[in-house]
Each structure stands twice: as C-alpha cells, then as structure tokens.
Participant: 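Next up is a structure, given as structure tokens.
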Amino acid sequence: MKIEQIYTGCLAQGAYYIESAGEVAIIDPLREVRPYLQRAEDNNAKIKYIFETHFHADFVSGHVTLSKQTGAPIVFGPNANPSFDALVAVDEQEFKLGNVTITALHTPGHTMESTTYLLKDAKRKDFAIFSGDTLFLGDVGRPDLAQKAAEMTQEDLAGILFDSLRDKIMPLSDDVIVYPAHGAGSACGKNMMKETVDTLGNQKKVNYALRADMTKQEFINEVTDGLLPPPKYFPLNVKMNKEGYEDIADVLDRGTTALTPDTFEKVANETGAVVLDVRHQNEFVKGHIPRSIFIGLNGDFAPWVGALIADTKQPILLVSPKGKEEEAITRLSRVGFDGTIGYLSESFESWVKAGKEYDTITSVPAETVIQAVNERKLQVFDVRKEGEFKSEHLSASNHTPLSRLNKYLKEFPIKDTFYVHCAGGYRSVIAASILKSRGIHNFIDIAGGYGALKKHGAEVTNYTCSNS
C-alpha cells in the first residue's frame, strides 16, 4: 500500500494518491490532473476511483477531467447531487482497492454531503482517515458555507458536525492517521496547525473541538465564534464543482495568447479586463501599468485573487514574469478564474520600451520612519488580518484589513500623506495597487511591514493570543 499526500501550499490543500496492487484512488484532486496520471503511469497502475469529500468551495477540483481521461467513477458521499454522472455512496459503503478497502463514512456538518473516507489495510485494520473539511489538524471545518437561508443555520450545521465527529470519527483507534484536506492558511477553518499529517490520538489531545467533556452547545459556540465572512468566490467554485467546468487545456490555450503593448492596451479598453500583475512586489513598486492590480505569484496568490477579484467570470489580462504565464493561468484556474484572455508579451519591459505611461509606488524602509511612528506623527494603516492585528500591532495604527479594503476607503486621508503596511510587504503592495486603482495616491508603503517595524523598535501593543 502506498499513500502520497500531494500538498499545494498556495491553497493549503492536500490531495491524496493511494495505491494497492496496481489500483489507484485519488482523493480531492486539483484541477490540473497530469500529476496523478503520471504517478499511475510511472507505477504501471490504473486509477480506479476518484473520491470527493464534498463540494469544495475554495478550489475547483479535477474530478471531472480526471474521470473523463481515465474512465474512473467519481464517488461522493450521501446527499450529493452533482449534475454529471457520479457514484453517490451510502453511509459505510465499502470500495475495494487492490488489497485494501476504503469505507465512506458520512460526516455532515461542514456541508451536508461531507464524507470522511476510512482506509483499512489488507488485514482490515483501520489505518487512516481522509477527513476532507470535516476534521482538520487543530480545528474542524467551518459550518457556515452550506446553510440554506431559513432551512438551516450555521448553528444547526455546527450541531450536526458535533454529532458526526462524536459518532463516526472519535470512536476510531488513536493510532489512525488523519489526512485532512487543508492546513494552516486555508479560509475553510480558523485555527489550523502548520502540520499536515497527525494521529487521531494526538488530535484528541490538542484539538479544541475534540474535547471529550465538551457539550454540544459549547462546541457550537466555539466553532462559530470569530468566523469571518467567506470569500465571495466560494459559491462560484461550489457551482463549478457541482455542475462541471471547461477543460483546463482550453483555458490554457486561450490564456496563453501573447499580446504586444498596443494590442494589450486595446484589448483592455475594449473588454474591461482586469490587468493583473503577478510579478514580485519589488518589481511592481518600481513600475507597473496604471490601474493594474498586483497579486504576486510568490505569495498566497490564488486565495487573494478569489477574495479580491471575486467574480470568476471577470476577463483578465496578465503581466507576468517571463516564462511564468502558464503557471499563473493554471493557478487562476484552480480557483475558477478561467477568464484569462492574454498576457503582455515580454512582460513589463515591453510596455516601457513602447513608451507607454506607467506608475510607481513610493516605498520606504521601516527604520526610516520609526521615530515618527513612535511619536505618532504619521497616520499608519495596517492591512493584515483581524487575528494578526488583535494579537499585536503598532500602538498608533489603524486597522483596514486587505480582504475588505474597499469598505474602508473613506477612512483614508484625502490629502495628507499616510502609510500602509502588512506583515512583510506582500499584502501592503496589493493594498497599494487597489488604492491607486481607486484614485488614491497620497500614501507610502512601509517596506518589510510589521516585522521590520517591530525589529527596529516601533512601539507595539502587548501580545494577545488570537485564533480568529
């Protein structure tokens, strides 16, 4: 038996390749399916099943494409109602894979079709669970993504999740390995550990949601406390995972159209496309196309695209590092953004050589503003997440989280210069690009962010642990 976790850091997502006696099961694959096909081919094995733990909201799964290319059935748990052909399992239905067995354990709560897959070895001993978004390491799936207006509240779903964990997962042996669908950084939970594999026994000790003496009401209160609004693209991804989607090969073919500066500018004006610059933030600061939005490939690219652009149907024109165009389009498609219609040939250098207008961002080293910050002579805006800000922040700063920046635009000074920062410099440049696109130019970015400010002696609040 072979188990491989294929972890994608940008999405904090784990897909799984399970092989036994020449037969393969894939659990929660990403949209680009070549890695799974290649592994099976290299091992002279055949993909027999494609298991989905639920209808994912934070990424587009590769189940439809993988099934078309292999003939393997797509397996969902009870209550699933996809628009395409799939095998909807009943609770505790078993699937033979070589010498091992995979059992579908219906564990609703995160969503009503959520299912945990229990892997039993050749001796039928419980070996591992692939828990999807039902159980994370250090946390459980948020119960607010599948509520249906008056039919079901997040509290109702949290109560159902409590029962699923107690009835189906916690009775399993402590030595059972837990393979979750996500790790730290995912928007599907709020308190996930950085580790991506653990034993169930250890999770019973360290996961707040698995306390043996916890009442259902305590669970409901703790699981629903501090939930931030889900990104707007989540329902659109669920729709694609449920109804199907365009083949990624067609998305790539359309998106990898090289455009000269003149054509790029013409297409942008005619289509209303978002000009998305995915270079490193240091390059964007030095020069960029006016009103373009920066979200660099070197950070949490796909989740920030989903949170800030939101509409998966939005046409996109790329400014990418040379040779990174296909990577950018692929990573956009992972979260359902299939609207890339071309990229700037020869990257930003061609724009400058063509004599086109470009913009810059004023950025200063943290150490040059420490005294002014401490004496509160500067207006400083912190764009980090709420949990980061609550834990620790500059004593004199204002909080304008990046994920909801548009709601805070009226709080920024109209004429006076103000300063923006994040943790290390990536998100503040995203914020800067959004501010400029909204006609706000009277700001300065603090390079290195909060980390550099604290290092050089900025006055900060006392640290407070925050799980939100």
Side-chain angles (χ1 to χ4, degrees), residues 9 12 136-140 142 182-196 198 202-203 205-211 214 218-219 221-229 281 298-300 303-304 307 363-405 407-408 411-412 418-432 443-468:
F136 298 129
L137 304 188
D139 200 4
V140 292
R142 56 191 298 168
H182 293 291
S186 169
C188 294
K190 58 183 180 179
N191 192 41
M192 287 179 252
M193 297 162 58
K194 66 180 185 298
E195 293 81 7
T196 61
D198 199 4
N202 191 55
Q203 282 303 298
K205 295 176 183 177
V206 303
N207 192 323
Y208 76 97
L210 301 187
R211 293 199 309 269
M214 195 180 212
E218 287 174 334
F219 178 91
N221 293 342
E222 293 187 39
V223 167
T224 57
D225 180 52
L227 284 175
L228 297 175
Q281 61 264 29
N298 63 305
D300 289 335
W304 279 120
S363 184
V364 299
E367 56 267 31
T368 66
V369 296
I370 293 298
Q371 183 175 346
V373 167
N374 289 345
E375 293 175 359
R376 306 198 177 194
K377 294 180 179 179
L378 304 181
Q379 293 191 71
V380 181
F381 292 82
D382 186 334
V383 301
R384 295 176 301 158
K385 295 178 181 179
E386 290 187 15
E388 294 173 281
F389 186 83
K390 289 178 181 178
S391 293
E392 195 176 44
H393 58 266
L394 297 181
S395 301
S397 64
N398 303 283
H399 189 218
T400 51
L402 175 59
S403 61
R404 291 177 286 155
L405 192 67
K407 295 183 178 181
Y408 292 89
E411 296 190 16
F412 295 105
F418 61 93
Y419 292 72
V420 294
H421 77 83
C422 60
Y426 177 79
R427 288 174 288 175
S428 64
V429 177
I430 298 177
F443 64 87
I444 295 174
D445 172 63
I446 301 177
Y450 182 77
L453 287 163
K454 184 178 179 181
K455 176 183 177 181
H456 290 286
E459 292 181 3
V460 301
T461 60
N462 292 329
Y463 178 79
T464 302
C465 182
S466 174
N467 291 328
S468 62

Participant: Give the minimum heavy-atom separation between Cys422 and Ser428, together with the two atoms involved.
Facilitator: SG-N, 3.2 Å
Participant: Heavy-atom distance under 4.5 Å between the side chains of Gln281 and Asp445, does that happen here?
Facilitator: no
Participant: What's the shortest heavy-atom distance between Leu394 and Ala458, and which atoms?
Facilitator: CD2-CB, 3.6 Å
Participant: Evaluate the side-chain proximity of Val383 to His421: yes if any heavy-atom separation is below 4.5 Å, no if none is.
Facilitator: no
Participant: Looking at every heavy atom in both Met193 and Val206, which two are closest together, and how far apart are they?
Facilitator: SD-CG2, 4.2 Å
Participant: Determine the sole option in Ile444, Leu378, Asn374 for which the side-chain contact (heavy atoms from CB on, under 4.5 Å) test with Val369 is passed.
Facilitator: Leu378
Participant: What pair of heavy atoms forms the shortest contact from His182 to Ser186, and how long is it?
Facilitator: CG-OG, 3.5 Å
Participant: Decide side chain to side chain contact (heavy atoms under 4.5 Å, CB included) for Tyr450 and Ser397; before the verdict, give the C-alpha distance in whole Å, the side-chain angles of both, and the deciding distance to 0.1 Å.
Facilitator: CA-CA 11 Å; Tyr450 182 77; Ser397 64; over 6 Å; no
Participant: Please check if the side chain of Arg384 supplies one atom and the backbone of Arg427 the other of a donor-acceptor pair under 3.5 Å.
Facilitator: no
Participant: Indicate the atoms forming the closest heavy-atom contact of Pro303 with Asp300, along with that distance.
Facilitator: CD-O, 3.4 Å
Participant: Can you label the angle between the Phe443 ring and the Phe418 ring as parallel, tilted or perpendicular, going by 30° and 60°?
Facilitator: tilted
Participant: If we ignore hydrogens and angles and just use 3.5 Å, is the side chain of Asn398 paired with the main-chain N or O of Val380 as donor and acceptor?
Facilitator: yes
Participant: Does the Gln203 side chain pair with the main chain of Gly138, one donor and one acceptor, at a distance under 3.5 Å?
Facilitator: yes
Participant: To check you understand the geometry: which heavy-atom pair defines the closest contact between Ala12 and Ala184, and what is its length?
Facilitator: CB-O, 3.5 Å
Participant: I want to check something: taking the side chain as every heavy atom from C-beta on, are Leu405 and Phe381 in contact at a cut-off of under 4.5 Å?
Facilitator: no
Participant: Would you say Glu388 and Pro401 make side-chain contact, with heavy atoms under 4.5 Å?
Facilitator: no
Participant: Checking His393 against His399 for the side chain to side chain contact (heavy atoms under 4.5 Å, CB included) test, could you report, in this order, the C-alpha distance in whole Å, the side-chain angles of both residues, the deciding distance, and whether it holds?
Facilitator: CA-CA 9 Å; His393 58 266; His399 189 218; over 6 Å; no
Participant: Is there a donor-acceptor pair closer than 3.5 Å between any side-chain N or O of Glu411 and the backbone N or O of Tyr408?
Facilitator: no
Participant: Taking atom OH of Tyr426 and atom CG of Leu402, what is their separation to the nearest 0.5 Å?
Facilitator: 9.5 Å
Participant: Do Asn207 and Leu137 pass the side chain to side chain contact (heavy atoms under 4.5 Å, CB included) test, and can you show the C-alpha distance, the side-chain angles, and the key distance before you say yes or no?
Facilitator: CA-CA 7 Å; Asn207 192 323; Leu137 304 188; over 6 Å; no
